[in-house]
Amino acid sequence: MAAMIEVKNLTYHYPEVAQPALDHISLTVEQGEWVAIVGHNGSGKSTLVRAIDGLVDFSEGEVTVAGIKLTPDSVWDVRKQIGMVFQNPDNQFVGATVADDVAFGLENAGIPRDKMIQKVDAALKQVDMAAFSDREPSRLSGGQKQRVALAGIIAMNPSIIVLDEATSMLDPHGRQTVMDVITKLRQSEKAPTIISITHDLDEAARAQRLIVVNDGQQLATGKPAEIFANEALLASSGLAQPFSTRLARSLAQQGSVHPDHYLSDTEMEDWLWQSHLTM
Amino acid sequence: MAITFDHVNFTYQPNSPFAATGLKDVNLTLPDGSFTAIIGHTGSGKSTLVQHLNGLLKPTSGQVQVDDFTLTSTTSNRHLKDLHQHVGMVFQFPENQLFDQTVVKDIAFGPLNFGFDENTAHDMAVQAAKTVGLPDNVLERSPFELSGGQMRRVAIAGVLASQPRVLVLDEPTAGLDPLGREHMMQMFEQLHEEQQLTVVLVTHQMDDVADYADQAVVMGHGEVLKAGAPQTIFNDPQWVYDQQLDFPTATKFAFQLQQKGFSFNQLPLTEQQLADQLADQLPAMDGKGR
Amino acid sequence: MLEQLTLGRYVPGQSILHRLDSRAKLLLSLYLIVIVFLTSNWLTYVFMFILVGGLIAMTGLKVGYFIRGIGPLIWLIVFTAVLQLLFTPGGHVYWHWGVLMLTSTGIATAVSVFLRFLLIITMATILTLTTAPLAIADGVEAMLKPLRIVHFPVAQTALMLSVALRFVPTLLDEATTIMNAQRARGVEFNNGGLIKRLRAIVPLLIPLFVGAISRADELATAMEARGYQGGDGRTKYRVLHWRSADTMAVISVLIINIVLVVFRHLN
């Protein structure tokens with residue numbers, strides 16, 4: 001597998017803040033990988049993805065995206081490779097209607113109108129919002145707006161999709177619909193690389209790999225199950241404890257048998273049933 | 001403070017092309033000192049309902065009784081101030097309402113408006129800041145310099161400072177990380193327990209309904225679809241499913257276990273309830289059956 | 001009070017007026033407004049009122065709704081008319097006291113100012129009620145196009161206008177929420193003297209500005225991330241369609257114009 005994103009020694013200070021937001025951080029994301037970046041609020045994870053997209057000017061280090069080294073000259077080429085969905089559904093909706101918003105990126109790229117119409121229609125179908133193409137944003141729910149944002153990105157066909165806490169302001173139903181779109185995208189032939197910043201346990205569990213960021217550095221990386229199993233790491237990740245871990249602890253307090261290591265929900269179910277049968 | 005809704009109807013912008021039904025024949029009782037969760041989809045009328053609790057909206061017909069205060073379509077705005085003081089409202093993303101130069105001034109804003117003198121208001125603000133766990137050294141700083149989580153605490157302190165007897169919370173933990181969310185919910189639980197505050201929580205988090213509420217109200221299309229103890233609501237899984245509502249995490253886990261062959265006398269809503277019932281069906285730690 | 005205001009609001013619909021091209025509607029509204037300003041004889045006023053009545057009927061909306069909508073503005077109109085009434089010299093003087101006077105010219109001017117205001121506000125209301133804000137923005141852009149010759153940034157201005165319009169409902173919602181939050185903290189927005197009222201606005205305006213600035217900042221980042229580099233080289237998704245109905249509308253107005261010229265000669 002080839003590296004899709006390579007970050008080397010990246011350092012960034014916000015103006016007038018002594019503590020660096022990114023502190024010589026290095027990491028690699030493989031092509032086609034789904035990586036979740038986790039960490040407490042203020043750990044630097046959002047700054048990291050913005051730096052990769054050239055949205056903050058870092059002072060030190062090197063970023064390479066799809067083989068393109070990020071420089072002031074190449075920044076627009078790098079941005080073509082990356083589609084970003086931000087946290088607040090309202091503050092990234094540029095167009096006056098759903099279709100206009102999806103078209104915004106295509107207009108910027110100078111795509112001819114007849115091609116644009118096809119791409120907008122296709123992208124809206126993919127996120128299941130085709131019936132809403134004439135709607136104004138004020139008449140959409142948060143989840144619908146985020147799916148429109150995703151459509152705007154799908155229409156541009158980028159190699160990387162970054163979800164910067166894209167589901168954190170949504171209700172459970174909205175969150176589910178957004179994650180469904182991502183899951184569907186992953187099944188397509190040319191599955192994009194996904195980087196999601198999240199505090200949501202389920203969302204993190206869907207990733208192939210977690211990167212724990214703390215104080216602007218990569219604290220650890222590993223499969224979700226590996227991170228979930230390590231209580232100290234989990235505490236620095238800003239994630240809640242998985243339900244199975246909490247249940248195991250409650251069972252221990254009851255004086256009942258309980259697993260002594262992390263199990264996923266389904267593994268836990270099987271384990272409990274097996275234990276029950278030994279009774 | 002007990003609250004009663006009696007045949008409350010509400011229409012947004014009546015007699016215009018923009019007229020829209022907000023509430024339809026709502027009858028509801030929230031006993032004094034209760035913890036009520038309001039659940040339902042976006043646009044189901046949850047926010048409209050809670051805005052009637054302190055007179056931000058007045059019923060188009062019917063009446064809302066808060067203790068001995070009666071709110072009807074004809075209640076004049078001048079009489080609402082008492083109600084505003086006794087029913088505190090924490091809106092979604094309350095940090096968006098901060099405005100004053102210092103944290104302590106912003107928190108004291110409510111008490112000052114309700115007629116307390118400067119010194120008393122200041123003391124009430126300091127007290128409220130302590131309640132929400134703000135460190136002393138932020139009191140004289142600008143609220144806009146604080147982190148998002150701290151700003152939220154300042155805003156909540158700004159509501160608590162007026163010492164309301166009823167606390168209305170509209171998704172107070174939205175956008176916080178899991179740890180911040182847990183701390184905040186525990187703070188509300190503590191206020192409810194220690195000061196016997198009547199709490200009304202609008203939420204999408206079914207775990208919060210299971211963990212904290214003694215009563216749940218399900219809203220849909222401006223109507224009360226069902227009201228009762230969380231246990232009663234979730235005991236009809238098919239109905240909950242039909243309303244496209246979620247279940248608490250422990251309940252979902254219990255459903256999976258039921259399919260495997262476990263059985264539960266009572267549907268578990270919390271991890272504790274689930275562990276209690278599971279323990280009876282599992283061997284003890286020393287390996288022997290019970 | 002503000003909820004009553006209909007000027008500037010849009011009611012989706014399928015009437016003939018709704019379906020007209022926004023360029024046609026903007027042009028014709030501007031043209032009719034100019035005519036109202038040039039109107040000097042009573043016959044023309046009568047004709048214009050009948051015309052506006054006809055346009056209201058064509059919107060498919062209730063007349064009462066237009067009348068109620070003018071309510072919040074009526075004092076502004078009356079105030080302007082009274083100024084004209086008391087300060088205009090000329091013609092027969094019925095009464096005067098210091099600088100104040102009541103003259104025949106004054107009465108005529110006051111009545112005509114009153115009628116002009118009424119007509120213009122109603123026509124503007126008809127335009128906004130039947131034209132989506134976005135369509136108005138598109139229409140304005142189309143009409144600004146000739147200014148490209150003098151290097152006026154037409155595309156950027158149009159995008160700015162469209163983004164501004166798109167955020168109006170968002171900011172109105174936010175203002176309502178902040179107002180509610182501050183009312184719940186004991187602020188009375190509609191009570192007390194002028195100073196008290198002005199002071200009550202501070203806790204509304206500051207959060208609103210802070211919020212708007214952070215929204216603008218985030219929106220700018222989102223636009224940059226989506227490849228927005230300014231006006232050049234952009235293509236357009238939205239195009240306007242001029243149909244025969246639009247040509248018909250323009251022809252109707254031309255006929256109206258001829259009628260008005262005839263009226264003028266009759267006097």
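Any value given below was found using the heavy atoms of this structure, including those in side chains, with hydrogens, waters and symmetry copies removed. Chain naming here is simple, since letters A, B, ... match the order of the sequence lines and numbering starts at 1 in each. Here the structure is a predicted model, which is why all the values come from computation and not from measurement.
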Note to self: Report which part of A:Ala149 has an atom under 4.5 Å of a heavy atom belonging to chain C: side chain, backbone, both, or neither.
What the structure shows: neither

Check: chain C heavy atoms under 4.5 Å from A:Phe104: which part of the residue, side chain, backbone, both or neither?
Finding: both

Item checked: Contact listing (chain C partner; residues 132-147 of chain A; heavy atom under 4.5 Å) -> A:Pro137, A:Ser138

Margin query: Is it true that, when you exclude A:His173 itself, more than 12 heavy atoms of the residues, nucleotides or ligands shown sit nearer than 6.0 Å to its NE2?
Written below: no

Margin query: For the CG atom on C:Leu147, are there more than 12 heavy atoms of other groups (residues, nucleotides or ligands in this structure) within a distance under 6.0 Å?
Written below: yes

Check: Hey, is CG on A:Asn41 packed in by over 12 heavy atoms from elsewhere, all under 6.0 Å?
Finding: yes

Next item on the list: Kindly determine whether C:Arg166 and A:Asp100 satisfy side-chain contact (heavy atoms from CB on, under 4.5 Å), including the steps that lead there.
Entry: CA-CA 11 Å; C:Arg166 173 245 162 290; A:Asp100 282 286; over 6 Å; no

Check: In terms of heavy-atom contacts, does CZ of C:Phe209 have more than 12 from other residues, nucleotides or ligands at under 6.0 Å?
Finding: no

Check: More than 12 heavy atoms of other residues, nucleotides or ligands under 6.0 Å from CG of A:Asp57: is that the case?
Finding: no

Checklist line | Residue A:Arg113 excluded, over 12 heavy atoms near CZ under 6.0 Å | finding: yes

Margin query: Can you confirm whether A:Phe86 sits close enough to C:Glu218 that some side-chain heavy atom of one is under 4.5 Å from a side-chain heavy atom of the other?
Written below: no

Check: Is the number of heavy atoms from other residues, nucleotides or ligands within 6.0 Å of NZ (C:Lys25) greater than 12?
Finding: yes

Notebook entry, point to check: Checking heavy atoms, do the side chain of A:Asp101, its backbone, both or neither come under 4.5 Å from chain C?
Noted result: both

Next item on the list: With a 4.5 angstrom heavy-atom cut-off, could you sort out which part of A:Val102 is near chain C: side chain, backbone, both or neither?
Entry: backbone

Notebook entry, point to check: With a 4.5 Å heavy-atom cut-off, do C:Glu224 and A:Asn108 have their side chains touching?
Noted result: no

Check: Can you tell me how far CD of A:Glu107 sits from NZ of C:Lys236, rounded to the nearest 0.5 angstrom?
Finding: 6.0 Å

Next item on the list: Tell me, for C:Thr170 versus chain A, whether the close heavy atoms (under 4.5 Å) come from the side chain, the backbone, both or neither.
Entry: side chain

Notebook entry, point to check: Does NZ belonging to C:Lys62 count more than 12 external heavy atoms closer than 6.0 Å?
Noted result: no

Next item on the list: Please state whether the side chain, the backbone, both or neither of A:Asp53 comes within less than 4.5 Å of a heavy atom of chain C.
Entry: side chain

Next item on the list: Using a cut-off of under 4.5 Å on heavy-atom pairs, state which of A:Ala99, A:Pro112, A:Gly54 scores highest against chain C.
Entry: A:Ala99

Note to self: Just so I understand: if I count every heavy-atom pair under 4.5 Å between each of A:Asn88, A:Val85, A:Val94 and chain C, which residue has the most?
What the structure shows: A:Val94

Next item on the list: Under 4.5 Å, counting heavy-atom pairs only, tell me which of A:Arg50, A:Gln92, A:Met116, A:Met156 racks up the most with chain C.
Entry: A:Met116

Next item on the list: State whether the side chain of C:Arg234 and the backbone N or O of A:Gly110 hold a donor-acceptor pair below 3.5 Å, judged by distance alone.
Entry: no

Next item on the list: Let me know if A:Leu106 has heavy atoms under 4.5 Å from chain C in its side chain, its backbone, both or neither.
Entry: backbone

Item checked: Which portion of C:Leu219 sits near chain A, non-hydrogen atoms under 4.5 angstrom -> both

Check: Checking A:Val120 against chain C: side chain, backbone, both or neither under 4.5 Å from a heavy atom?
Finding: side chain

Margin query: Under a 3.5 Å distance rule, please check whether C:Thr235 uses its side chain to pair with a backbone N or O of A:Ile111 as donor and acceptor.
Written below: yes

